[in-house]
Peer 1: 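Starting off with a structure, shown below.
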Amino acid sequence: MNYLSKFKPCYAQLDGEMVFIRPMKKEDISAVAQMYADVAITDQNYKSKLSPQSEQSFGKTGGMFIVNDQSYLEKLLESDMELMLVAQSKDQEISGFIWYSLDKNNMNGFSSLKFKPGYENYEEILRSNFLNDSLVFGKEIIVTKEKAIKQLPVLLFYVMLLFLNKLKYTVSTGEVYSLKGYEDSSGAYTTDMLNIRSYKTLVNSGGVHIGELEPQKIRVQSFLAEVVSHIFMWDITTSITNMQQYLKDSRIEIKNEQGRDGI
């Protein structure tokens, strides 16, 4: 089933700029791949990105250790289980991207999930919604540096969650990394940097930080990064209500293609 065929494109005005949100298309792959490349942590920038003292550090500006290239994005686009939306500016440039997955195999990644004290009840919420086919998995969201409009991440979350709600999904998961250390040819280094920019975006969209996965090591070109995935959960209905108020307070109106209010 092509779920995104049910999605109704919409637009909103942010910081004086009109933004159009629609399903990702094949012709968008190159632009989205470039968005990934722009935030990638590589051999060329890791010394700066992984240094807590740097103004461009992972903790202050974020970044990605695992980057999806054009061929991988093509495979995602061919799958009905992967839902991807893009934000398109008036100049036709892609300014934002959000990806959610309906694939239940994503649940396997939570096998080492350790719930925070006081959040153990979320284990049953996860399990019951998984069994009821009402659990969806948030994967990634990217906004271009050139179009870094403050409200765009929340708008993308809101539009996606509203669509998922119409598909009868009630709970969503997502994650953000913290860096615990890295190794390269010169030795091993310990650090503790949370991607605070992404963390705040998840909180502002209504996410609840419920726990962490076991540390994992990711090979990135010539260095090895040790990261921890911090797992978030959204009650979709509650998050929609909260984001509606945020967008209203920000005086952001969402209209459909016919110019009517709402989606």
Side-chain angles (χ1 to χ4, degrees), residues 28-73 76 84 86-87 93-101 109 112-114 137-154 156-157 173-205 207 209 211-232:
D28 302 321
I29 289 177
S30 177
V32 173
Q34 185 59 53
M35 292 171 67
Y36 272 101
D38 288 342
V39 298
I41 299 175
T42 67
D43 277 356
Q44 286 68 45
N45 64 13
Y46 82 95
K47 290 288 189 180
S48 173
K49 296 295 291 185
L50 305 188
S51 171
Q53 291 75 35
S54 171
E55 289 302 313
Q56 299 302 314
S57 72
F58 174 75
K60 296 173 185 174
T61 64
M64 287 189 174
F65 296 100
I66 301 174
V67 174
N68 294 330
D69 59 16
Q70 290 197 36
S71 61
Y72 190 78
L73 289 169
L76 291 179
M84 295 179 287
V86 295
E93 291 186 8
I94 302 301
S95 54
F97 163 80
I98 189 168
W99 166 30
Y100 271 69
S101 178
S112 69
L113 177 57
K114 182 179 180 180
F137 303 90
K139 304 298 285 185
E140 282 162 355
I141 179 170
I142 310 176
V143 175
T144 59
K145 296 177 182 177
E146 293 77 11
K147 303 289 185 180
I149 303 169
K150 179 181 179 182
Q151 300 93 346
L152 183 53
V154 174
L156 283 167
F157 269 116
T173 65
E175 66 179 346
V176 62
Y177 282 166
S178 63
L179 175 72
K180 296 304 179 183
Y182 70 96
E183 302 174 31
D184 62 11
S185 59
S186 63
Y189 303 88
T190 300
T191 184
D192 190 6
M193 283 192 288
L194 174 66
N195 183 348
I196 193 65
R197 178 180 291 181
S198 293
Y199 188 94
K200 287 181 177 179
T201 296
L202 300 193
V203 171
N204 289 339
S205 65
H209 183 195
E212 289 82 34
L213 302 182
E214 291 292 329
Q216 61 172 314
K217 292 187 176 181
I218 301 174
R219 167 61 64 181
V220 185
Q221 298 178 345
S222 68
F223 66 95
L224 193 66
E226 183 177 16
V227 301
V228 170
S229 293
H230 300 263
I231 304 302
F232 279 71

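Along the sequence shown, residues carry numbers from 1.
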Peer 1: Suppose we screen for salt bridge (charged side-chain N to carboxylate O under 4.0 Å, His left out). Which residues come up paired with K180, at least two apart in sequence or across chains?
Peer 2: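 Once residues adjacent in sequence are excluded, the partners of K180 under the salt bridge (charged side-chain N to carboxylate O under 4.0 Å, His left out) criterion are D192.
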
Peer 1: How close do M193 and G59 get, heavy atom to heavy atom, and via which atoms?
Peer 2: SD-N, 3.7 Å

Peer 1: Which residues pass the side-chain contact (heavy atoms from CB on, under 4.5 Å) test with S51, not counting sequence neighbours?
Peer 2: Q53, S54

Peer 1: State the CE-CG distance between M35 and N68, to the nearest 0.5 angstrom.
Peer 2: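 Here the interatomic distance stands at 12.0 Å.
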
Peer 1: I need the K114 NZ to I231 CD1 distance, nearest 0.5 Å.
Peer 2: 14.5 Å

Peer 1: Residues two or more places apart in sequence or in another chain: which of them pass side-chain contact (heavy atoms from CB on, under 4.5 Å) with I66?
Peer 2: Y177, I218

Peer 1: State, to 0.1 Å, how close N45 and A40 come at their nearest heavy-atom pair, and which atoms those are.
Peer 2: ND2-O, 3.0 Å

Peer 1: Only counting residues at least two apart or in another chain, list the ones meeting side chain to side chain donor-acceptor pair (under 3.5 Å) with Q70.
Peer 2: none

Peer 1: How long is the gap from CZ on F97 to CG on D28, to the nearest 0.5 Å?
Peer 2: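 Answer rounded to 0.5 Å: 10.0 Å.
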
Peer 1: For D69, enumerate each residue passing the salt bridge (charged side-chain N to carboxylate O under 4.0 Å, His left out) test, keeping only those at least two apart in sequence or located in another chain.
Peer 2: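 Listed in chain order: nothing, the list is empty.
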
Peer 1: Any sub-3.5 Å donor-acceptor pair from K49's side-chain atoms to G62's backbone N or O?
Peer 2: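 Judged by distance alone, yes, a pair lies under 3.5 Å.
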
Peer 1: Which residues pass the salt bridge (charged side-chain N to carboxylate O under 4.0 Å, His left out) test with E214, sequence neighbours left out?
Peer 2: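 Salt bridge (charged side-chain N to carboxylate O under 4.0 Å, His left out) check on E214 returns nothing, list empty.
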
Peer 1: Could you pull out all residues at least two apart from S57 that satisfy side chain to side chain donor-acceptor pair (under 3.5 Å)?
Peer 2: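 Side chain to side chain donor-acceptor pair (under 3.5 Å) list for S57, sorted by chain: empty.
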
Peer 1: Tell me, please, which residues at least two apart from A31 pass side-chain contact (heavy atoms from CB on, under 4.5 Å).
Peer 2: I94

Peer 1: Would a distance-only check, ignoring hydrogens and angles, find a side-chain to backbone donor-acceptor pair under 3.5 Å from S112 to L213?
Peer 2: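 No, S112 side chain to L213 backbone: no donor-acceptor pair under 3.5 Å.
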
Peer 1: Under the ring pair (Phe, Tyr, Trp, His ring centres under 6.0 Å) test, which residues partner Y199, sequence neighbours left out?
Peer 2: H209, F232

Peer 1: Of all the heavy-atom pairs spanning L179 and A225, show the shortest one and how long it is.
Peer 2: CD1-CB, 4.1 Å

Peer 1: Return yes when atom CD of Q44 has more than 12 non-hydrogen atoms of other residues, nucleotides or ligands closer than 6.0 Å, and no otherwise.
Peer 2: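 Yes, because the 6.0 Å sphere around CD of Q44 holds more than 12 heavy atoms from other groups.
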
Peer 1: Roughly how far, to the nearest 0.5 Å, is OG1 of T61 from CD1 of I41?
Peer 2: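 With rounding to 0.5 Å, CD1 (I41) is 8.0 Å from OG1 (T61).
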
Peer 1: Shortest non-hydrogen contact from L152 to A87?
Peer 2: CD1-CB, 3.9 Å

Peer 1: Just to verify, what does Y72 make a ring pair (Phe, Tyr, Trp, His ring centres under 6.0 Å) with, not counting sequence neighbours?
Peer 2: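 None.
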
Peer 1: P52 and T191: which non-hydrogen atoms are nearest, and at how many Å?
Peer 2: CG-OG1, 3.4 Å

Peer 1: Students often mix this up, so state it plainly: with edges at 30° and 60°, are the rings of F223 and F65 parallel, tilted or perpendicular?
Peer 2: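 If you compare the ring of F223 with that of F65, the planes turn out perpendicular.
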
Peer 1: Is the closest side-chain heavy-atom distance between H230 and L202 below 4.5 Å?
Peer 2: no

Peer 1: Could you pull out all residues at least two apart from K47 that satisfy salt bridge (charged side-chain N to carboxylate O under 4.0 Å, His left out)?
Peer 2: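 For K47 the salt bridge (charged side-chain N to carboxylate O under 4.0 Å, His left out) partners, ignoring immediate neighbours, are D184.
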
Peer 1: Side-chain contact, heavy-atom cut-off 4.5 Å: M84 with L76?
Peer 2: yes

Peer 1: I'd like to know if the side chain of D43 reaches the main chain of S222, judged simply by a donor and an acceptor atom lying under 3.5 Å from each other, with no hydrogens or angles considered.
Peer 2: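 Yes, D43 side chain to S222 backbone: donor-acceptor pair under 3.5 Å.
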
Peer 1: Is there a side-chain contact between K60 and I196 (heavy atoms, below 4.5 Å)?
Peer 2: no

Peer 1: How long is the span from the OH atom in Y46 to the CD atom in Q221, to the nearest 0.5 Å?
Peer 2: 10.0 Å

Peer 1: Once side-chain contact (heavy atoms from CB on, under 4.5 Å) is applied, do any residues pair with T173, and if so which ones, sequence neighbours excluded?
Peer 2: F110, L126, L135, F137

Peer 1: Return the minimal non-hydrogen interatomic distance between V176 and S198, and the atom names on each side.
Peer 2: CG2-CB, 3.6 Å

Peer 1: Could you tell me the separation between the CG atom of L50 and the OH atom of Y189, rounded to the nearest 0.5 Å?
Peer 2: 11.0 Å

